[in-house]
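Letters go in sequence order (proteins before strands), and every chain restarts at 1. Reckoned from all heavy atoms, side chains included, excluding hydrogens, waters and symmetry mates. None of these values were measured; they are calculated from a predicted model.
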Amino acid sequence: MLDPQFLRDHPDAVRKAIRDKKAGESDLVDRALAADENRRASLTELQTIQQQLNEASKQIGPLMKEGKRDEATPLIEQTAELKDQIKTIEETAREHEEAFNSVMLEIPNIPHESVPVGMTPDDNAIVFEWGDKPSFDFEPKPHWDLAAQHNLIDFERGAKVTGAGFPFYVGKGARLQRALIQFFLDLADEAGYTEMQPPLVINEISGIGTGQIPDKEGQMYVANLDDLYLIPTAEVPVTNFHRDEILDAAELPIKYAAYTPCFRREAGSYGKDVRGLNRLHQFDKVELVRFVHPDESYDHLEHLREDAERAVQALGLPYKRLLMCTGDMGFTQTKKYDLEVWSAGQDRWLEVSSISNFEGFQARRANIRFRPEDGGKTQFVHTLNGSGLALPRIVATILENNQRADGSITIPEPLQRYTGFDVIG
RNA sequence: GGAGAGGUGGCUGAGUGGUCGAAAGCGCCGGUUUGCUAAACCGGUGAAGGGGUCAAACCCUUCCGCAGGUUCAAAUCCUGUCCUCUCCGCCA
């Protein structure tokens, strides 16, 4: 949710954001401004009458106490009328309030000035590349062939037991997953993050707080009986950890790292994107979340990005860093980097991390504030998060990039003390 | 799942239907005293929203888990709901 004051002061900036992000109708801003007018008008009207009622009650009090009932009676009759009025005005005030809120929820966050304007993935800027693509004197295999060859991942039985996109990891495959989780969490720990194990299901209010609801509701699995949602990312429970709280400025920045499985329905996905580990309904991820002072959030975005890149580099995986353009960025972000790792067996890049600044957008929705050092008015914190990292595509690229002619796979050196083996096959 | 108790400001914790946004304490901020620190003393200190102002001051409304209801008037009474705690049952 945007700051209503910002909308009033800079309607053109909001219009531009909606255009650049292609998020929402062109008349959104005008509808929001009109709704805001309505809302404030009915609020003022309501408050005036409430004041009259309060004053009347204040007069009645003493009269009743002194037993002057006859003097109080006309006043009481007057309040009856006021209460009628209040009831109807309250109703319209609430309608206006709701109308305003629902329009506001449709307005996307404003992109940062450093973000390239563009509509398609082609407009994303490649700002950094690291590592050399591995070269082979044989045809490198895709990870699903390698996984089958070494019996690391069982997609078929996963489909039998649950459905497509829910694989079993078996033997060294399972072990590799566990090693990666441990490795990523240790890196996060070294970078000063507090480790956290959040709930894997969340309620509706939490979904609204981070913006999954109502925007991306269809992407979540729902536990209907209890009105709970399976988390699509640890971002949701971890960010909502501080929902409705006023933090101490001295506590900032707060940094959490959480490993969780993530559940996504991925409605509408198809084609080669869904092959193997490329896109799953359930996958593991270590997520990094920061709550920071508004003045520092863009510094923290870079630090967060470095934390994610450090993990990719440690595994020796060639990658590129993209600065996402306005149209490819998402509704709630102001600035977002994607990290894409080279997949030798598929001859393509795979996204393994997405690092975003939300400024106060989530904080306002989730009501996460802090009290400034000087004791001034409370302000909304800025929230950021990034994957550090998502596992399946990392597993895929480790297998593919490190395969040898005989089909065996070497494990990146830093990971070996976690896996307990240095080669598969 | 059954029975009982309770949910009040950053925290602890009082509160008789009517000057209660709410005592007191802690914490925090400012000041006095003071070699330094601490202590002591004095004063201040909730949130959201609307109006007002160059900015303040200031004015108003709402908020005592949440949602309704009774009443001229609700933190206080009634109903529902959520959560916490204790006991019982079930159980990894």
Nearest-Å distance, [atom1] ([X]) to [atom2] ([N])?
{"X": "Gln59(A)", "N": "rG18(B)", "atom1": "CD", "atom2": "C1'", "answer": "14 Å"}
{"X": "Ile60(A)", "N": "rG18(B)", "atom1": "CD1", "atom2": "P", "answer": "15 Å"}
{"X": "Asn203(A)", "N": "rC83(B)", "atom1": "CG", "atom2": "P", "answer": "10 Å"}
{"X": "Leu43(A)", "N": "rC63(B)", "atom1": "CG", "atom2": "P", "answer": "13 Å"}
{"X": "Arg364(A)", "N": "rA48(B)", "atom1": "CZ", "atom2": "P", "answer": "12 Å"}
{"X": "Ile86(A)", "N": "rC60(B)", "atom1": "CD1", "atom2": "C1'", "answer": "14 Å"}

Counting side-chain heavy atoms from C-beta on, which of [options] comes nearest to [X]?
{"X": "Gln50(A)", "options": "rC72(B), rU61(B), rG68(B)", "result": "rU61(B)"}
{"X": "Arg39(A)", "options": "rG49(B), rU71(B), rG18(B)", "result": "rG49(B)"}
{"X": "Arg369(A)", "options": "rC72(B), rG50(B), rA47(B)", "result": "rA47(B)"}

Check: If pairing requires Watson-Crick or G-U wobble contacts with both distances under 3.5 Å, which nucleotide is the partner of rA67(B)?
Finding: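 Result: rU79(B).
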Next item on the list: Searching all strands shown, indicate the nucleotide that pairs with rG27(B) (Watson-Crick or G-U wobble; both distances under 3.5 Å).
Entry: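 With both distances under 3.5 Å, rG27(B) matches rU45(B).
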Check: Can you tell me if CD on Glu296(A) sees more than 12 non-hydrogen neighbours from other groups inside 6.0 Å?
Finding: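 For Glu296(A), atom CD is crowded (more than 12 foreign heavy atoms under 6.0 Å).
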Next item on the list: Step through the shown structure and confirm whether more than 12 heavy atoms of other residues, nucleotides or ligands are within 6.0 Å of CD on Gln5(A).
Entry: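 It does: Gln5(A) CD has more than 12 such atoms within range.
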Check: What class does the angle between the rings of His300(A) and His303(A) fall in, given that below 30° is parallel, 30 to 60° is tilted and above 60° is perpendicular?
Finding: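 Aromatic pair His300(A)/His303(A) classed perpendicular.
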Notebook entry, point to check: Given rC60(B), is OP1 or OP2 found less than 4.0 Å from the side-chain N or O atoms of Arg40(A)?
Noted result: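 No, because none of the side-chain N or O atoms of Arg40(A) sits under 4.0 Å from OP1 or OP2 of rC60(B).
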Next item on the list: For rA48(B), take OP1 and OP2 only and decide whether either is under 4.0 Å from a side-chain N or O of Thr378(A).
Entry: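 So the side-chain polar atoms of Thr378(A) do come within 4.0 Å of the phosphate oxygens OP1 or OP2 of rA48(B), strictly under.
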Check: Are a donor atom and an acceptor atom from the side chains of Tyr229(A) and Ser206(A) found within less than 3.5 Å of each other?
Finding: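 No - no donor-acceptor pair under 3.5 Å links their side chains.
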Notebook entry, point to check: With sequence neighbours left out, which residue pairs that include part of residues 153-165 of chain A fulfil the salt bridge (charged side-chain N to carboxylate O under 4.0 Å, His left out) condition?
Noted result: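 Only Asp154(A)-Arg157(A) qualify under salt bridge (charged side-chain N to carboxylate O under 4.0 Å, His left out).
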Item checked: Euclidean distance for P, rG25(B) against rC83(B) (whole angstrom) ->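 The answer is 36 Å between these two P atoms.
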